[in-house]
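Every chain is numbered from 1, with letters handed out A, B, ... down the list of sequences.
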Amino acid sequence: MSNLKRVDHDDYKFLRIVDAIASINQKINLIGVITEIGISKQSRGPDCCCTIKIVDESNASSGISINFFAENFEKLPHVESAGDIIQLVRVVVKRHQSGVNVLFDKKFSSFALYEGREGSNFVPYQVSSKFHARDLDKKFIAGLRKWTVSRQPETASSDSLSLKDIKQGHQFNLICKVLHVCEVKDGEWMLFVWDGTDAPPVNIHKKLDEELENPLPLQLEPTPLSRKVLCKFPAVGTVLRMTNDKCNEKLGLHLLKAGKWVQFRNIDFEVRYGLWCGILLSKSKFSFLPNDDDYALQCQRTNDERVKSKWDRQPTTCFPRPSKIIDTDYQDVPFVTLMDILTYPEVIAKFRCVVRVVATLPAHPRDFQAPCGTYRLRLTLEDPTARIHAYIYAEDGVKFFGGYPSIDKMVKMHNALLGVEETDDADSNEKARNPPWVECCLNSYNIDESDVWGSIRYRIFATTLIG
DNA sequence: TTGGGG
C-alpha cells in the first residue's frame, strides 16, 4: 500500500527547469509559464509542429523550449496568452548541439493549459488526449501564478518597431493587434494588423499610363474585404497587410485570432504598389500578449485620445497642415479618414479628408475632358487607413481646375498634385511620385438602387486645385 | 521521423 503511494508520488513529480536540463533522455514532468509561442507549421514529416518556450523560478530568464508534434493543427497546444501555464506529463529531455530542449511525444506525452492570472480557476482550457487531471495539480499551478505576480514583466516592446517607424528590410519585430485573418489562396494567408499609428507614406513607382489596363490597386488582397469586415476595423491608424506568400512552409495562421495583441519576431517589410506589406517567413515567430499588456494598452489609449479629438484624424505625417495647393470650402468641418468614409453608416453623405492623390485616370490632363468638353476623371486617393477611387465630374471639375486652364497650366497642376518633380525631361511618366497631403471634400452616393452598398461611389466637390 | 538558441 505505502509502496503504491510512493510510486504514484514519484510519477507525479514536476522537475524544475534547471533539473530537467540535467536529465538528458529521461521522461519527466514539467510545469512552467509560457513566454513565447512559435507559429504552428507543417513539419517535413507527416505532422504539424510548434515550439513553445517556458520559464519557472529556477530558470526565469532563458527558459527551455518544448517541441510539439501532432497529427493536425487542432491537437497542438493553442496558447491564448503569453503568461499562461502549461503542464507537461511524460516529455523527453533531448540534447541538441549546445543546448537542451524537450520533446512532446504524441505517443505518450500529454499537456494541459491554464490561465496564468492569479485567482483564475484550475480548469484547463485545453488538454491533450492522454491528459488526466489530478487534485495535486492545483498546488503547482497556484504556486506558479503566485510567482508570476512577483516577477518583473519583460519589456517586450524595446526591440519592436511601431508602424509609424516601419522601414523596408529584414528581421524586424512588431507588436500589433490582429484585426482580421483570411486565406486568400490555398495555403496563402493575409493578416490585417494595427497598432494605432500611421505608417509613413511612400513613393509611387507605378507608371501612370498603365492606369487603364493595369491600375494601381486599392488593396493587396485579391478580393476586397467586405464592408462588414471593414466596419470592425478602427477608423484611425494604418491597417498593415501581412502575407506568407514567400514562405514555402505551411503555417497554421488560422490559429491567429482577431482581437489579440501579438508580438511578431523576424518579419520582413516591403512596399508593394506603394502599400506597406509585412512578410511572414518560416523563421518568423509570434507570441500572444496578455490583454492587459502595457504596450498594447498604451497603443489603445493613444488611439482613444486621437479618436476623441476633433482635429487629430488627419495623418500624423501630414505636419503641420496639408499642402496649400488645394483649397476646400467648409474650412470648419473636421477631417475624417478614408476608413471613416468606407464604414459610414449611410450611403449618401459628405466628408472632408486629408489624402494623397496616388494616380489619375486618364493619365494625361489633355484627356480629362470628354469630347463634349465635360470634365470626367478618376483619382486614386489614399490616407494611412485606406485607398479609394474618387471621381471628378462636370461642374465639380470646373471648380477643381478653376475653369478650363491651358494645357501647359493643367500639366503643371497635375504634376503638383501627384508630386512629380518638374524637369525638362519629357517623360514624367517614368518618375517616382511623392504626392503631397491635400485636403478634399467628398460625397458618397449609389448608382444602383437594387445594390445600394455594392454600387457606392465617391465624388470630389467644393475642392479647388490652385497648383 | 519531423524541429531545435543567439
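- The side chain of Lys250(A) places no N or O atom within less than 4.0 Å of a non-bridging phosphate oxygen (OP1 or OP2) of dT2(B).
- Taking atom CZ on Phe68(A) and atom C1' on dT1(B), their separation rounds to 18 Å, with Å as the unit.
- Two residues, Gly45(A) and Ser65(A), neighbour DNA chain B, and the one matched to the more 5' nucleotide by heavy-atom proximity is Gly45(A).
- At whole-Å resolution of the value, CD in Gln171(A) and C1' in dG5(B) are 14 Å apart.
- Note: NZ (Lys94(A)) to C1' (dG4(B)) measures 12 Å, nearest angstrom.
- Here dT1(B) presents its C1' atom at 8 Å from NZ of Lys107(A), a figure rounded to the nearest Å.
- One can place CZ of Phe73(A) at 14 Å from C1' of dG3(B), the figure rounded to the nearest angstrom.
- Using a 4.0 Å heavy-atom criterion, one finds that Gln97(A) contacts the bases of the nucleic acid, with or without backbone contacts as well.
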Working for salt bridge (Lys or Arg N to Asp or Glu O under 4.0 Å), residues Asp245(A) and Arg272(A): CA-CA 13 Å; Asp245(A) 65 4; Arg272(A) 297 185 176 181; 2.8 Å; yes

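- Which of dG5(B), dG3(B), dT1(B) sits closest to the side chain of Lys285(A) comes down to dG5(B).
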Which side-chain N or O atoms in residues 180-187 of chain A pair as donor and acceptor under 3.5 Å with protein atoms at least two apart or in another chain?
residue   : atom : partner   : partner atom : Å
Glu183(A) : OE2  : Gly187(A) : N            : 2.8

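- Put simply, CZ on Phe108(A) is 10 Å from P on dT1(B), counting in whole angstrom units.
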In residues 98-109 of chain A, what donor-acceptor pairs under 3.5 Å come from side-chain atoms, sequence neighbours left out?
residue   : atom : partner   : partner atom : Å
Asp105(A) : OD1  : Lys107(A) : N            : 2.8
Lys106(A) : NZ   : Asp47(A)  : OD1          : 3.0
Lys106(A) : NZ   : Asp47(A)  : OD2          : 2.7
Ser109(A) : OG   : Arg90(A)  : O            : 2.6
Ser109(A) : OG   : Asp105(A) : N            : 2.8
Ser109(A) : OG   : Asp105(A) : O            : 3.1

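- Rounding to whole angstrom units, NE2 of residue His96(A) and C1' of dT1(B) are separated by 15 Å.
- The side chain of Asn101(A) has dG3(B) as its nearest neighbour among dT1(B), dG5(B), dG3(B).
- A close approach under 4.0 Å does occur between a side-chain nitrogen or oxygen of Arg44(A) and OP1 or OP2 of dG3(B).
- For Lys53(A), taking side-chain heavy atoms from C-beta onward, the closest of the listed nucleotides dG4(B), dT1(B), dG5(B) is dG5(B).
- Note: Phe351(A) and Tyr344(A) have perpendicular aromatic rings, judged against thresholds of 30 and 60 degrees for the angle between ring planes.
- Under a 4.0 Å N-O distance rule, the pair Glu211(A)/Arg378(A) qualifies as a salt bridge.
- Both Ser62(A) and Leu103(A) sit near DNA chain B, but only Leu103(A) has its closest nucleotide nearer the 5' end.
- Atom CZ of Arg265(A) is separated from atom P of dG6(B) by 7 Å (rounded to the nearest Å).
- Distances shorter than 4.0 Å separate none of the side-chain N or O atoms of Ser43(A) from OP1 or OP2 on dT1(B).
- Applying the 3.5 Å distance criterion, the base of dT1(B) shares a donor-acceptor pair with the side chain of Lys106(A).
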